[in-house]
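Below is one structure, written out as structure tokens; comments come after it.
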Amino acid sequence: MFDPQWLPTIMIFLPLLGSLLILVTPGRWRDEVAGFMAAVTLGLGLMIWYAGGSGLLSLNWIPALGITYSVELSGVSLALAMVTAFMSFIAVLYAARRIPNPGTMLALILAMETGLLGIFAARDLILFYVFFEDALLPSLLMLAIYGKAHRMRALVKFAAYTLFGSLLMLVSIIGVRYLGGSPTFALVDLKQHLVTGPAQTWLYIGFLTAMAVKLPLWPLHAWLPDFHEQNHDSGIPDVMGTLYKVGGYGLFTFAIPLFPDASLELRPILMGLAAFTALYSAWIAFGQKDWKRLLAYAGLSHMGFVALGVFSLNETAVIGAMYLLAFQNLYTGALFLSVGMVQERIGSLDTRVGGLMTGAGALGGMTMALWFASIAVPGFAGFIGEFSVLLGAYQVSPWLAFTAGLTVIAAAAYALTAFQTTFWQSRPLGGVVVRDLVHTEWLILGLPLAVAIFFGVYSAPALNLMQPAVKSVLAALGGN
């Protein structure tokens, strides 16, 4: 009889199988193979969600080194895996329509999906590290193959930041096991053999640095604007890059349980850094005239909110941070695709083109609704996440919560100003006629928007999934 504990493993590696199949499939069938594999992966995720999550599957992988194959999809990890599978499916749909000869892009999307799902399912630190690095390679290849003229500079910067952080994380991972005396790198064993004293703080800083690069947090964010600006105009690699902002999840799942004393000790400093990141990014976004750079800083501001919630160690704030981390991938990713549609029509990513609403009312309406989701208007999933973060953080530090709360005003300013100049401002003389949404473009923007609205109005399914996991992680800290 089939053991349902194997479902996460099938879900993780099915996209990789699809990626390999695309390489040997005749060109006329590649779109269908990619779409089928992405859809089945999403279906497996829905099965696991319907079952309430999977149990822990733990097998000896490299016994001599204490490395296990331990995977589980439940709680926060399941919610993030579901959003990843959903947005990967959307990216496959758009790539098949937008990219000429899309076989390579489709293969890279599916390969990266495997790495991302593995990150969320891993319950062994070395396995987490392997998937963390596995997701990096397709992201680099998308930039190298499909990027713009200055892509190599952006690629080198992105790789340098990520590999530097990964090296520190690997040192911390090794230190956690050997200084703590755990028999394996499995999370369940590591939590029973915690490192204590000053060593815990230093190991936490090493792990934190890697996660801060992938959140990202100021000042380790410098790779992000160039990464998005130089990626393909369609926005497809940007969707996958948005999904790769896994730093908040890594801090929640591994850092808090393994470094509880250090987390409490550094809480005031890290909350201040997170609040500054959120407000600073929103302020910088206001001055951007390139849509991709604007969205990059908007995403960075969201990650500041996520970090504020995680670092506060307050139950309400942490739940809000995980909720925001999951669902901002929907509207941020969809906004990148919307910008890609604008670029396809007018050949520019400049926010000052003006007058697009006249010919492309549906595109403008969808984009405006997605921006409402991004700036946390009530009725969208982003509002629940940001409001919960601020509510919980206020109980820990009212002034830092107030500082981060100013971001809400700043976000409305930069989002609505950019939207107004692109869609409502007078169209320049001689401007091309802009067509509206056609065919699958309705689904590509409409489906993420519909999910963002659904979980903004009816949050119980996601909150009920996340709350027990957050309570379990914070139990070692006494709740908050």
Side-chain angles (χ1 to χ4, degrees), residues 211-229 238-239 241-249 251 270-312 317 320-336 338-339 351 367 370-377 380-394 400-419 452:
M211 296 300 103
V213 170
K214 294 309 303 170
L215 258 166
L217 277 180
W218 183 90
L220 299 176
H221 70 289
W223 61 271
L224 183 68
D226 291 342
F227 171 83
H228 286 300
E229 182 184 35
D238 302 294
V239 172
T242 299
L243 293 169
Y244 194 25
K245 293 175 183 174
V246 295
Y249 172 79
L251 291 169
L270 295 177
M271 285 184 68
L273 183 62
F276 175 78
T277 298
L279 188 57
Y280 161 84
S281 305
W283 176 258
I284 298 298
F286 187 77
Q288 300 304 308
K289 303 306 179 185
D290 180 282
W291 267 113
K292 282 201 173 189
R293 291 187 73 88
L294 189 153
L295 285 171
Y297 282 108
L300 178 60
S301 184
H302 289 140
M303 291 303 101
F305 263 94
V306 170
L308 179 68
V310 173
F311 291 143
S312 72
M322 294 300 102
Y323 203 91
L324 182 60
L325 180 62
F327 292 108
Q328 66 88 29
N329 289 324
L330 293 171
Y331 44 79
T332 302
L335 279 169
F336 272 114
S338 169
V339 168
T351 62
T367 303
L370 289 166
W371 269 120
F372 284 165
S374 179
I375 63 177
V377 170
F380 294 91
F383 172 76
I384 295 174
E386 290 194 13
F387 182 78
S388 298
V389 168
L390 291 176
L391 186 63
Y394 182 84
L400 288 177
F402 172 78
T403 301
L406 295 175
T407 304
V408 177
I409 302 172
Y414 69 67
L416 298 180
T417 299
F419 179 85

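How far CG of Leu217 is from OG of Ser281: 9.0 Å, rounded to the nearest 0.5 Å. To the nearest 0.5 Å, the span separating CG on Leu279 from CD1 on Ile284 amounts to 10.0 Å. Residue Leu330 holds its CG atom at 11.0 Å from CG of Leu335, rounded to the nearest 0.5 Å. One finds the CZ atom of Phe380 at 10.5 Å from the OH atom of Tyr331 (value rounded to the nearest 0.5 Å).
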* Asked: Is there a side-chain contact (heavy atoms from CB on, under 4.5 Å) between Leu400 and Phe311 once you walk through the steps?
  -> CA-CA 12 Å; Leu400 288 177; Phe311 291 143; over 6 Å; no
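Shown here are the side chain to side chain donor-acceptor pair (under 3.5 Å) partners of Ser388, two or more places apart in sequence or in another chain: there are none. Checked against ring-ring contact (aromatic ring centres under 6.0 Å, His included), Tyr414 has no partners two or more places apart in sequence or in another chain.
A 4.5 Å side-chain heavy-atom check between Glu386 and Val389 finds every atom pair outside the cut-off.
Counting all heavy atoms, side chain and backbone alike, Ala282 lies closest to Thr407 at CB-CG2, 3.9 Å. Between Gly241 and Phe227, the shortest heavy-atom distance links the atoms CA-CE2, 4.1 Å. Ala415 and Ile375 get closest at one heavy-atom pair: CB-CG2, 3.7 Å. For the residue pair Trp291 and Phe419, the shortest heavy atom distance occurs at CH2-N, 4.0 Å.
For Phe387, the CZ atom counts as loosely surrounded, since its 6.0 Å shell holds 12 or fewer non-hydrogen atoms of other residues, nucleotides or ligands. A 6.0 Å sphere centred on CZ of Phe383 holds more than 12 heavy atoms belonging to other residues, nucleotides or ligands.
Classification of the Tyr323-Phe327 ring pair by plane angle, with boundaries at 30° and 60°, yields tilted. Below 30°, between 30° and 60°, or above 60°: for Phe336 and His228 the angle between ring planes is below 30°, a parallel geometry.
Looking at Ser338, its side chain never comes within 3.5 Å of a backbone N or O of Ala334 through a donor-acceptor pair.
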Tell me which donor-acceptor pairs under 3.5 Å the side chains of residues 292-310 have, and how far apart each pair is, sequence neighbours excluded?
residue : atom : partner : partner atom : Å
Lys292  : NZ   : Asn231  : O            : 3.2
Lys292  : NZ   : His232  : O            : 2.4
Lys292  : NZ   : Asp238  : OD2          : 2.7
Arg293  : NE   : Gln288  : OE1          : 3.4
Arg293  : NH1  : Asp226  : OD1          : 3.1
Arg293  : NH1  : Glu229  : OE1          : 3.0
Ser301  : OG   : Ala278  : O            : 2.8
His302  : ND1  : Ala298  : O            : 3.3
His302  : NE2  : Ser374  : O            : 2.9

